[in-house]
Amino acid sequence: MRRLRLPKGEVEIRFLHTPDEMRQVEEVQRVVWPGSETDVVPMHLLITLAHNGGVVLGAFPLDGGGRPGPMVGFVYGFPGLVQDEGGWRLKHCSHQLGIVPEWRNQGLSYWLKRAQWQAVRHQGIDLITWTYDPLLSRNAHLNIHKLGAVCRTYLREVYGEMRDGLNVGLPSDRFQVEMWVNAPRVKRRLSAEPRKRLDLAHFLAAGARIVMRPDGCPEPPEITPETPGALPPAPQDQPLLLVEIPPDFLALKAADRDLALRWRLHTRAWFEALFAQGYWVTDFVYLPGQHPRSFYVLSYGESTLG
């Protein structure tokens, strides 16, 4: 159990075990992902996960007397297996995190994921994986920049046709990210010492090349991985790349679903091509302001992951 002082007030994060707590998780899901009751993960499954090696955590605001109110956020995951060169290994599969609208932008997602990381570390598991939409800048900032996860896997149509209000009408493509629990990069980013903020200028000064850049235009750029000279001919000689994405894909999607689809297919081609060359997503840069911009940082080879 952990208590936090957030801008909106004090919050308690704790493990969930009881039917009443899991029913609150159901209710938070309905608020976060409205539109389809069949997509709500039911209480009985959440209890089964929690009692069989899974991690289910909830966040509760506290009143002046320290008494918890209704749940405002949750995260859960479960043990799974992944196959690599050495055979099958144990991992933790983090499946869902949700925050009710009035408690967003408080840092609560970070603290829930950090609590999950601590729980998995105590279980002796060294890898956490999860998926997210690679075009969502806010999620990229949390998962890649703040938590230290990396990505080398692009998955097409992971969930098939989705029916909730956030995803309807678009291919459910996802990044599958890897959070190596005991990696120095993860420990540094989750330590009490704040990490020095790197902006676009730092990466450009280090020799990073922007390979896909819309230059403020709402349309995806015409250049594709098949364009002559678009991909580095020798990745080992160009260890840092930058890929720009829309800074607010949710707003773009709400305004023009066809344009959102063009961005989905365009970035799919780029990420698949770069991952095939041996690049990994290792950082994310968001430049705020009147005309915000968002960039993924891709590094060549596993040696860059420390």
Side-chain angles (χ1 to χ4, degrees), residues 110 132-154 175 177-180 183-186 188-191 193-249 251-252 262-264 266-306:
Y110 169 83
Y132 78 94
D133 187 333
L135 288 175
L136 296 182
S137 290
R138 186 182 299 274
N139 292 15
H141 178 75
L142 170 66
N143 296 328
I144 307 297
H145 180 75
K146 295 190 69 174
L147 296 174
V150 295
C151 182
R152 54 177 167 170
T153 305
Y154 191 97
F175 272 180
V177 301
E178 304 168 23
M179 185 185 196
W180 292 93
R185 64 178 282 116
V186 172
R188 283 196 303 268
R189 297 188 193 206
L190 298 183
S191 71
E193 293 294 324
R195 179 189 179 221
K196 178 183 177 182
R197 186 176 183 87
L198 299 177
D199 63 21
L200 182 63
H202 290 99
F203 289 105
L204 293 176
R209 169 187 165 192
I210 302 176
V211 295
M212 208 247 343
R213 178 177 189 163
D215 288 320
C217 176
E219 289 285 340
E222 293 184 3
I223 186 171
T224 71
E226 289 74 34
T227 303
L231 292 174
Q236 62 271 20
D237 296 331
Q238 184 64 63
L240 283 177
L241 298 178
L242 295 160
V243 172
E244 188 167 5
I245 64 169
D248 190 347
F249 186 65
L252 183 153
R262 292 196 291 277
W263 270 106
R264 170 72 82 221
H266 190 77
T267 51
R268 172 196 284 178
W270 269 104
F271 287 123
E272 288 183 340
L274 293 172
F275 290 162
Q277 277 201 325
Y279 286 97
W280 297 51
V281 168
T282 55
D283 212 337
F284 186 79
V285 176
Y286 177 75
L287 303 179
Q290 186 176 2
H291 302 288
R293 300 178 73 181
S294 296
F295 293 86
Y296 278 106
V297 180
L298 290 92
S299 306
Y300 178 70
E302 294 186 47
S303 62
T304 62
L305 303 182

- What pairs meet the salt bridge (Lys or Arg N to Asp or Glu O under 4.0 Å) rule with one or both residues in residues 266-275, with sequence neighbours excluded? Arg156-Glu272, Asp173-Arg268
- Of Phe175, Trp280, Tyr154, the residue whose pairing with Phe275 passes ring pair (Phe, Tyr, Trp, His ring centres under 6.0 Å): Phe175
- Query: Quick check: does any side chain N or O of Asn139 sit under 3.5 Å from a backbone N or O of Leu142, one acting as donor and the other as acceptor?
  - Reply: no
- Message: I'd like to know if the side chain of His266 reaches the main chain of Ile223, judged simply by a donor and an acceptor atom lying under 3.5 Å from each other, with no hydrogens or angles considered.
- Response: yes
- Flag, side chain of Arg293 to backbone of Leu287, donor-acceptor distance under 3.5 Å: no
- Query: Mind checking whether Arg152 and Leu298 have side chains closer than 4.5 Å, heavy atoms only?
  - Reply: no
- Message: Going by the rule side chain to side chain donor-acceptor pair (under 3.5 Å), which residues pair with Thr153 if we only count those two or more places apart in sequence or in a different chain?
- Response: none
- Message: Once salt bridge (charged side-chain N to carboxylate O under 4.0 Å, His left out) is applied, do any residues pair with Arg209, and if so which ones, sequence neighbours excluded?
- Response: none
- Item | Sequence-distant partners of Ser137, side chain to side chain donor-acceptor pair (under 3.5 Å), two or more places apart | Ser294
Please output the side-chain donor-acceptor pairs of residues 230-243 that fall under 3.5 Å, not counting sequence neighbours, one pair per line with the distance.
from: Gln238; atom 1: NE2; to: Gly207; atom 2: O; distance (Å): 3.0
from: Gln238; atom 1: NE2; to: Leu240; atom 2: O; distance (Å): 3.0

- Report the C-alpha separation of Val297 and Val281 in whole Å, then their side-chain angles, then the decisive distance to 0.1 Å, and conclude whether the side-chain contact (heavy atoms from CB on, under 4.5 Å) test is met. CA-CA 6 Å; Val297 180; Val281 168; over 6 Å; no
- Item | Nearest-0.5 Å distance, CZ of residue Arg264 to CG of residue Leu135 | 5.0 Å
- Item | ring-ring contact (aromatic ring centres under 6.0 Å, His included) involving Phe295 - partner list, sequence neighbours excluded | none
- Applying salt bridge (Lys or Arg N to Asp or Glu O under 4.0 Å), run through Arg189 and Asp283 and close with a yes or a no. CA-CA 11 Å; Arg189 297 188 193 206; Asp283 212 337; 3.8 Å; yes
